[in-house]
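One structure below.
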There are 2 protein chains.
Amino acid sequence: MAAPLPDAPGAGRGRRPRRTSGDDRERAILATAEELLGQRPLSDISVDDLARGAGISRPTFYFYFPSKDAVVLTLLDRVVEEARASRAAALRRAGDDVRASWRGALEAVRDTFAAHRALTSAAASLFASSAEVRALWSEVMEQFVAETASAIDAERARGAAPPGPPARDLAVALNWMNERVIHVTASGQQPALAEDDLLDVLLTVWLRTVYGGDGPR
Amino acid sequence: MAAPLPDAPGAGRGRRPRRTSGDDRERAILATAEELLGQRPLSDISVDDLARGAGISRPTFYFYFPSKDAVVLTLLDRVVEEARASRAAALRRAGDDVRASWRGALEAVRDTFAAHRALTSAAASLFASSAEVRALWSEVMEQFVAETASAIDAERARGAAPPGPPARDLAVALNWMNERVIHVTASGQQPALAEDDLLDVLLTVWLRTVYGGDGPR
DNA sequence: CGGCCGACTCGACACCGTGTCGAGTACCGT
DNA sequence: ACGGTACTCGACACGGTGTCGAGTCGGCCG
């Protein structure tokens, strides 16, 4: 409301300038949130629960975070970073094999979010109400889409993939498909795929969409 | 809380047995909800707003609906029914042309939800918190998936489509893709497709996935 | 007709969660 | 010893939800 206040250096996404002593409390709040989310949905967790869990009073909570949502956003930020890193590592590992690289990237993302189901559900429930969560998510998806689109363009350029709609458009559709199917499968929503089939099915759709068949050439 | 009270006959989803006089009030609440949703998100609409808009007091609202969410659910129910009907009509109209029938079905669903954006957003925001909304949505998706799967099986049986993963698995992935891309595009979330390209892009993915190319044979 | 019953209505209340304000305490550098 | 800054919390105001109980009103049955 008052000033733009530029991101403080050292803060991951610049939520607040680091303190030295209160750092422990901040961590305690985060840890409490993660633990409670494993037990019940975000809507059943109050600021008071978070504060008590961290051994502080409710007003003190507000010294560290502006709201319950901000806690989840911080947590989500970390997981997103983890997913990005793990995906990048998988891509690096796969080298030139396009099929393997897409499979690896997909697997990395799936595993990261599967390892944080509770948080993922919480983030999903904030999606509608929090512009910050939406923005963060857009940013991640945008990165994945951009990477996918340039991979498709590369395959087309070397004649391995046929022409068709703009690569970016296909990339948008394919990445949102992944997002939704992974989410649905992990959260038990129906209709879903069996966890074991997920990778194969999504990969088939990707390959057929990009190559017009089950692989390059 | 008291008795199971079986669905009253004549009620779409059997929210409550129909009254004769109160019927108007119920309609007024529904109409108010639809109008207010056009102006602001569901979270900024209180039961009091709904009641005042319908010309009744807040306690009286509770005579008609158990909660704000139930109002949205009722509205969603209608739109879903509309989408189903419109989709079925498109399918009937297209006859044997598979490509045309998928395009028509897709278009019908997209148009129905585009015509009720406000409600759709409200439903999306309830998705996380309301089991009923999730169940209704599962039911719709399940129907679409089942129809898609049997269409794929038919194409495979007549030799027009190559074998691959179980038809149902492909159908699950493709239908969730549609759901998400349509939703994202309609709600302005990024990354999205241009509204005009949506149909072509999704259809391309469908055809390539099912036929391993851009069309039957 | 008179009385009852079920449909419907609302004022008042209890409750809960949020966010803020202002009065502290404790420690640090000067 | 002093002033400031980091931190803490009791108490409050607020806004929303859902319920309770006392009422009105109209139809219809005896």
Side-chain angles (χ1 to χ4, degrees), chain A residues 1-2 5 8 10-11 15-30 32-33 36-37 39-74 122 125-126 128-132, chain B residues 1-3 5 8 10-11 15-30 32-33 36-37 39-74 122 125-126 128-130 132:
Chain A
M1 249 24 38
L5 104 98
R15 205 77 57 235
R16 86 177 19 259
R18 289 293 129 134
R19 221 78 23 59
T20 25
S21 145
D23 238 18
D24 293 343
R25 298 291 164 88
E26 191 167 329
R27 261 195 295 278
I29 294 172
L30 258 5
T32 303
L36 293 185
L37 280 175
Q39 299 168 13
R40 47 185 199 270
L42 181 62
S43 53
D44 288 5
I45 298 172
S46 69
V47 169
D48 203 47
D49 295 332
L50 259 21
R52 295 180 110 79
I56 55 178
S57 71
R58 208 163 53 76
T60 300
F61 167 93
Y62 288 101
F63 181 81
Y64 292 99
F65 292 94
S67 69
K68 198 169 67 172
D69 294 4
V71 176
V72 177
L73 183 60
T74 302
S125 76
L126 253 52
S129 62
S130 160
E132 279 113 322
Chain B
M1 245 39 26
L5 105 97
R15 205 79 52 236
R16 83 171 27 257
R18 291 291 128 134
R19 220 80 25 57
T20 25
S21 144
D23 238 18
D24 294 343
R25 297 291 163 89
E26 192 167 328
R27 261 195 295 277
I29 293 172
L30 259 5
T32 302
L36 292 185
L37 280 175
Q39 300 166 13
R40 49 184 197 270
L42 181 61
S43 53
D44 287 6
I45 298 172
S46 70
V47 169
D48 203 48
D49 295 333
L50 258 22
R52 296 180 109 79
I56 56 179
S57 73
R58 209 165 52 77
T60 300
F61 168 93
Y62 288 101
F63 180 81
Y64 292 100
F65 292 94
S67 69
K68 199 169 68 171
D69 295 4
V71 176
V72 177
L73 184 60
T74 302
S125 77
L126 252 53
S129 62
S130 160
E132 279 114 321

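Residue numbers begin at 1 in each chain, while the letters A, B, ... track the order of the sequences.
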Heavy-atom closest pair, residues B/S129 and B/D69: OG-OD2, 4.5 Å

Taking only the side-chain nitrogens and oxygens of A/Y62, find out if one of them lies under 4.0 Å from OP1 or OP2 of D/dC9. no

Measuring from the side chain of A/S57 (C-beta onward, heavy atoms only), which nucleotide among C/dG17, D/dC7, D/dC9 has the closest atom? D/dC9

Gap between atom CD of B/E26 and atom CD1 of B/I29 - 0.5 Å precision: 7.0 Å

To the nearest Å, how far apart are B/F61 CZ and D/dC20 P? 17 Å

Within the structure shown, what part of the strands sits under 4.0 Å from A/T60 by heavy-atom distance: base, sugar-phosphate, or nothing? base

Distance, nearest 0.5 Å, that separates NZ of B/K68 from CD1 of B/I45: 7.5 Å

Between D/dC25 atom P and B/R25 atom CZ, what is the distance in whole Å? 13 Å

How long is the line joining CG of B/D44 and P of D/dT17, in whole Å? 12 Å

Measure from the side chain of A/P59, starting at C-beta and using heavy atoms only, and say which of C/dC21, D/dT17, D/dA6 lies closest. C/dC21

Without decimals, in angstroms, what is the distance between B/D49 CG and D/dG16 P? 7 Å

Taking all non-hydrogen atoms of both residues, which atom of B/I56 and which atom of B/R25 are closest, and how far apart? CG2-NH1, 3.4 Å

Could you state the atom-to-atom distance from CG of A/L50 to P of C/dT18 in whole Å? 9 Å

Atom-to-atom span, CG of A/D48 to P of C/dC15 - whole angstrom: 17 Å

Counting only side-chain heavy atoms from C-beta out, which of C/dT18, C/dA7, D/dT17 sits nearest to A/K68? C/dT18

Tell me whether the side-chain N or O atoms of B/R58 pair up with the base of D/dG18 as donor and acceptor below 3.5 Å, since no angle test is needed here. yes

Quick one: A/Y64 OH to D/dC9 P, roughly how many Å, whole number? 9 Å

Could you check how far CZ of A/F65 sits from P of C/dG19, rounded to whole Å? 14 Å

Would you find more than 12 non-hydrogen atoms of other residues, nucleotides or ligands less than 6.0 Å from B/R40 atom CZ? yes

